[in-house]
Amino acid sequence: EQQSSDEIQQQRSRLPVYGEEQQIMEAIGANPVVVLSGETGSGKTTQVPQFLVEAGYGDPASENPGMVGITQPRRVAALSMAHRVAQELGSLGSAVAHQVRFDTTVDSATRVKFMTEGVLLRELAGDLLLTKYSALVVDEAHERSLNTDILLGVLSRVVRLRERLAAEQPGVHRRLRLIIMSATLRVDDFVKNSRLFRDPPPVIKVEARQHAVRVHFSRRTPAPGQHLAEAVRKVGRIHRRLPAGGILVFLTGQAEITHVCKRLREEFGQPGDEPAAGGGGGGVEADDAEDEDVDLGAGDFAAADDDDFAMGSSDEDEDDDEDGEPVIVGGDDDAEGRRLLLGESLRGGGDGAAGRLHVLPLYSLLPAAQQLRVFAAPPAGARLCVVATNVAETSITIPGIRYVVDAGLAKEKTYDAQTQVQRFTVRWTSQASANQRMGRAGRTGPGHCYRLFSSAVFNDAFARFSEPEIARMPLEGVVLQMKAMGLDAVANFPFPTPPDRRALRRAEQLLAWLGAVDGEGRATALGRLMSVFPVAPRFARMLVAARQGGCLPYVVAVVAALSVGDPFVRDHALADADVEAEDDAETRNLDSAALAERERRRGLRKRYWAAQARLAGARPTSDVLMWLTAVGAYEYDGATQAAADAHFLRPKAMREIAQLRAQLMHLVHVHCPDTPAAAAEGPLRPPSAQQQTLIRQIVLAGFVDQVAVRADLAGASGDVAEQRPGLQATAYVTMWGSEPVFIHPESVVYRGAGRAAQQMPHAVVYGELQRTSRLWARVVTAVDPA
Ligand code: ADP
Ligand code: MG
């Protein structure tokens, strides 16, 4: 399994980066910041740290005694790359260490340290000059993770500061080198951004030999959820029909991967020679921002239909599912490869009797030892098949891959500005990502990439590039994280892609109201505590406020529900009672089937409104309290599909709420040791009147900036209240605009008041504003219910 040092030297010398050592080291010597861009697999991650070591970096006796630090967006890469570089360095291998959250091998002999971006960001909070490093390599910068962007902004300043101090006090301070490494994607955001780097850093492009890859689109795009069955089918066909070469499958997360691995092993593995997949990944730390596939949606894919795995039946496998002529990509000077690919028949080209398939999973939460197995040669006679998340897209190059099967999906954190909700969504990846995945097949020789989606979908539904994470995040969350790190002047911060300035200011203002930052814009102790919860700061504020006082379980449930979003089925055909009157006028034109259908819908609506009335209670004054009742009722009824149906709740939302509740409760107990232990126990019983008052106050604390007062009481000029005479709605005014706001008819507060203006609450807080013909306030809670 271990390679000899000769073998390793030979391999090294074949890497494109290896030939560029002199150019790269000269650039690093002459410039404080250097950008290195090169095709994935060209040797950037494994070779550049070694060049630095060989040039004396990290040697206490040299003029660059500080360590060489390399950051990775993911733990998998930090661990596997540390391992590989240690191996390649031979006798110096013990000088290579890794550090990820909860796990480090760093000691006094360490000269090269691979770490996650999160680790370096936390070190910055303690030592802004990063004095223990002489060179820092920010790897995978093209991924544009939020941490990459913030790190680059900070490091641009640290480098400048160290430069100045080294000039002023040469005996005390030394320079810091920054190397930014990126796959061959846009580097302009770094290079042409004069706020980030006053002098544009030199860009070194490493040309890698990329073999031709033949791209096969599917004729049809599988229905949502069917891509797993498709992936299994496709792997089976490759394995049975095509010549030797590893297969790499791209899926979105742990649950999908475990499922597909199991299927493939049942079909093609040999019993007893594989350990159970996954093995839990060493404790899922749900609070770990470094793990990009913390799996909130795990349940969704586990139940793929078994019938779809009817593999190996004799009449399948006509090549009817491919989308016309395959496209050949890459392979600049690889004419022979092209001929090979074009001439290679899909039918009958294989080895005949398929051997065993050596199936390995690869995702971030997998224990390190299992991750490293993808680099070892498969057992004799077996074909390697790695089923991976997008960690295999650019951070890790698996040797010998010749076939890529790409579902085209990625699980991403998204942000809905409307609801201020972050969540993990599975959606199409970008064209750039899909092309990176495709390129994985052309490292060793010409290859094939099977896309489980049509070329039309690729052209029309895929974005060209993935958006930087900072554009997909609510800003108050980002700003709170930065301030918790000690970065106070957020508006002046040199972001690679700056967020909107007004939005930034408003985020700071909100944090001040929540008590998370002080008058100087610095994080308070409260703000630092809030920053550990993976929810919007206003919700984190509610959690912290609730840890005493006996209503913590309720507030945890409220925050989970608010974070996940409206738990109710809001089918308009179902909920819209007003259409009934119109229906009546048309009755005589309907045939009996239509009449029956209308009766059915009427019955459904009746049950829906009965369920709503049950959950709303006698005198409803808050949507949030109604959601809480819904969560309790669902749990009381066994948390089953039937329970969801009975209350007209969305089962998926209810599952997510349950998962988030467990995670948040855990975090409260870890980070707020003064929390009464009993608070965690027992099912959610209906809150007492006193508890309801407390919950209401805590909700107000979270939405301090989203208060609306009845216009006729707010001293608003009469015209606001009278603007729309005849419409049965009561106008409210907010702190923000002159435009009147109306409580959405879907709100239980609106329904509770029976539309009578005098019964509408004097003041409310709202969770969101929605614009249609008017500005509607939704998720409303009366501030002071009479
Ligand atoms: P880049 O950073 O440019 O994408 P890398 O330095 O990660 O490239 O990889 C260079 C080569 O080293 C790849 O071809 C890969 O196959 C090989 N390699 C990397 N890690 C390992 C490992 N743990 N075992 C064997 N080979 C590896
Ligand atoms: Mg790399």
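For ligands, and for the atoms within them, numbers begin at 1 and follow the listed sequence.
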If the plane angle is over 60° it's perpendicular, under 30° parallel, otherwise tilted; pick one for H239 and F268.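 Geometry flag for F268 against H239: perpendicular rings.
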Kindly assign one of parallel, tilted or perpendicular to the pair Y450 and H216, based on the angle between their ring planes and the thresholds 30° and 60°.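 Aromatic pair Y450/H216 classed parallel.
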Which residues and atoms, protein N, O or S only, are under 2.8 Å from the Mg ion (ligand 2)?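 Hits for the Mg ion (ligand 2) below 2.8 Å: T45 OG1.
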Taking the six-membered ring of Y57 as reference, does the cationic atom of R111 (NZ for Lys, CZ for Arg) lie under 6.0 Å from its centre and within 45° of its axis?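 No, a cation-pi geometry is absent between R111 and Y57.
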Residue by residue, ordered by chain and number, which ones reach under 4.0 Å of ligand 1 with a heavy atom?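 The 4.0 Å shell around ligand 1 contains L15, E39, T40, G41, S42, G43, K44, T45, T46, M81, R84, F375, T397, P399.
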Do NZ/NE/NH1/NH2 and the carboxylate oxygens of [X] and [Y] come within less than 4.0 Å?
X: E393; Y: R440; answer: no
X: E88; Y: R12; answer: yes
X: E143; Y: R74; answer: yes
X: K44; Y: D139; answer: no

Any chance the rings of F453 and W428 have centres within less than 6.0 Å?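 Ring centres of W428 and F453 closer than 6.0 Å.
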Using distance alone, with no hydrogens and no angle criterion, decide if Q436 and H142 have a side-chain donor and acceptor under 3.5 Å apart.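 No.
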